Amino acid sequence: MTTQSNTPAGWYPDPHGAAQTLRYWDGAQWTDHTNADQQAKAAPQMPQQPAGPDPRVQRQVQQQAGVAPSGSGGGSLFTEPVLVVNQKAKLIELTNEYTVMDQNGNQLGSVVQVGQSALKKVLRFVASVDQFMTHRLEIRDAHGQPVLLLTRPRKFVRSRVIVTRPDGQPVGEIVQQNMIGKISFAMNVNGQQVGAIKAENWRAWNFAIVDHAENEVARITKTWEGLAKTMFTTADNYVLQIHYQLPEPLLSLVVATALTVDTALKQDSRGLG
């Protein structure tokens, strides 16, 4: 009976007898021992087995956010029913960065603040002036390619986030509607409201996302990042649950909302809420 070898073509056991070593025969000569590092880089890599579910993320989703396990989606930012948005913990936040995962902890993408000058970083270090500055963020997929661009112009009274495609095509806007009581945001496309984000308490920890007919289509829940992170870092963590596959451009605005809620509303004050 013949068995199939996993050794790539052209690679053979070391003819000089070195244990567990493969060398490449190019048709004229063996690769030299001195090129071991290059040899290792040239050798085809065996595919890694996918890691199992991350229990920390599962706990964040199921126990902290109260979201029951659901079937997996298409493995992208726009096809998964649950997105976990965790801000990178920093003692001093000079650049906003977030990791976006599915409900099992598989990374789907990231959010990175871009276009900051050295002067802007200095001002953010010495004073709480974020609301008076324009902020730009890129939502990137798992391969690091931008899929949405977000701009929050300088904020004097109410916050506004402009959402576009990487090629500059407009998607819509997320506009703060009130200053007192439970904060709410409108999601607008071409001047028409297609949905809204409504805080469920004055601390704006949890949000219901509704469509134009006031039907809830998604929910954002802030999860507890731990006392040490809350007191001494700027990290905020959220879980987005999308109840069913949404049409565009509502879907892109819902994803943008979940990934920018901290920038749009929470960025200007720390506190426990």
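Quick caveat, the model's predicted, so the values are computed rather than measured.
Legend: salt bridge (charged side-chain N to carboxylate O under 4.0 Å, His left out) pairs involving residues 238-261, not counting sequence neighbours, sorted by first then second residue: R165-E248. Among residue pairs with one or both ends in residues 166-179, those qualifying as salt bridge (charged side-chain N to carboxylate O under 4.0 Å, His left out) are R160-E173; sequence neighbours excluded. Residues in residues 184-197 take part in these side-chain hydrogen bond (donor to acceptor under 3.5 Å, both in side chains) pairs, two or more places apart or across chains: Q177-S184, N178-S184.
The two residues V255 and L77 have their closest heavy-atom pair at CG2-O, 3.9 Å. Here the shortest heavy-atom pairing between P153 and T134 reads CA-OG1, 3.8 Å. Heavy atoms only, all atoms of each residue included: Q107 and S110 are closest at NE2-CB, 4.3 Å. Nearest heavy atom pair, residue R152 against residue S159, reads CD-OG, 3.4 Å. Residues G105 and D54 approach most closely at CA-CB, 4.1 Å, considering heavy atoms. When all heavy atoms of V171 and P249 are compared, the pair lying nearest together is CG1-CB, 4.0 Å.
Cluster membership check: V100 shares its hydrophobic cluster with I209, using side-chain heavy-atom separations under 4.5 Å among Ile, Leu, Val, Met, Phe, Trp and Tyr. With hydrophobic clusters built from ILVMFWY side chains whose heavy atoms lie under 4.5 angstrom apart, I242 shares a cluster with V217. Neither I162 nor I197 shares a network with the other; the hydrophobic side chains, linked directly or stepwise wherever heavy atoms of I, L, V, M, F, W or Y lie under 4.5 Å apart, form separate groups for each. Taking hydrophobic clusters as Ile, Leu, Val, Met, Phe, Trp and Tyr residues chained together by side-chain heavy-atom distances below 4.5 Å, I139 does not share a cluster with V84. Hydrophobic clustering keeps Y98 apart from V57 (ILVMFWY residues linked when any side-chain heavy atoms are closer than 4.5 Å, directly or through intermediates).
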For Q58 and N104, run side-chain hydrogen bond (donor to acceptor under 3.5 Å, both in side chains): C-alpha distance rounded to whole Å, both residues' side-chain angles, the deciding distance at 0.1 Å, then the answer.
-> CA-CA 6 Å; Q58 289 184 318; N104 292 316; 3.2 Å; yes
Given side chain to side chain contact (heavy atoms under 4.5 Å, CB included), test V254 with L240 step by step and report yes or no.
-> CA-CA 9 Å; V254 168; L240 168 68; 4.2 Å; yes
Go through D102 and L108 one step at a time and tell me if the side chain to side chain contact (heavy atoms under 4.5 Å, CB included) criterion holds.
-> CA-CA 7 Å; D102 67 11; L108 303 175; 3.9 Å; yes
Does the pair Q113 and H135 meet the rule for a side chain to side chain contact (heavy atoms under 4.5 Å, CB included), with working shown?
-> CA-CA 7 Å; Q113 187 165 9; H135 298 277; 2.7 Å; yes
Evaluate the criterion side chain to side chain contact (heavy atoms under 4.5 Å, CB included) for residue pair L148 and V163; output intermediate values, then yes/no.
-> CA-CA 7 Å; L148 290 175; V163 185; 4.1 Å; yes
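Of the charged side-chain nitrogens involved, none lies within less than 4.0 Å of a carboxylate oxygen, so that E216 and K198 do not count as a salt-bridged pair.
A search for salt bridge (Lys or Arg N to Asp or Glu O under 4.0 Å) contacts involving R59 returns nothing, not counting sequence neighbours. In this structure, the side chain to side chain contact (heavy atoms under 4.5 Å, CB included) partners of D141, at least two apart in sequence or on a different chain, are H143, Q145, V147. In this view, A65 and V67, T221, T223, V239 satisfy the side chain to side chain contact (heavy atoms under 4.5 Å, CB included) rule, not counting sequence neighbours.
Checking each of R219, K222, K182 against E200 for a salt bridge (charged side-chain N to carboxylate O under 4.0 Å, His left out) leaves exactly one that passes, namely R219.
Within a 6.0 Å sphere centred on NE2 of H212, heavy atoms belonging to other residues, nucleotides or ligands number 12 at most.
For N86 and Q60, the side-chain atoms include at least one donor-acceptor pair closer than 3.5 Å.
Remark: side-chain polar atoms of E138 are not paired, donor with acceptor, to backbone N or O of R140 under 3.5 angstrom. Proximity of a side-chain donor or acceptor of T79 to a complementary backbone N or O of S76 within less than 3.5 Å is detected. Side-chain N or O atoms of E80 include one that pairs as donor or acceptor with a backbone N or O of G73 at under 3.5 Å.
Put simply, CD1 on I174 and CG on L150 are 7.0 Å apart, with the number rounded to the nearest 0.5 Å.
Between P81 and Q103 there is a side-chain heavy-atom pair separated by less than 4.5 Å. Between T257 and I220, the closest side-chain pair of non-hydrogen atoms falls below 4.5 Å.
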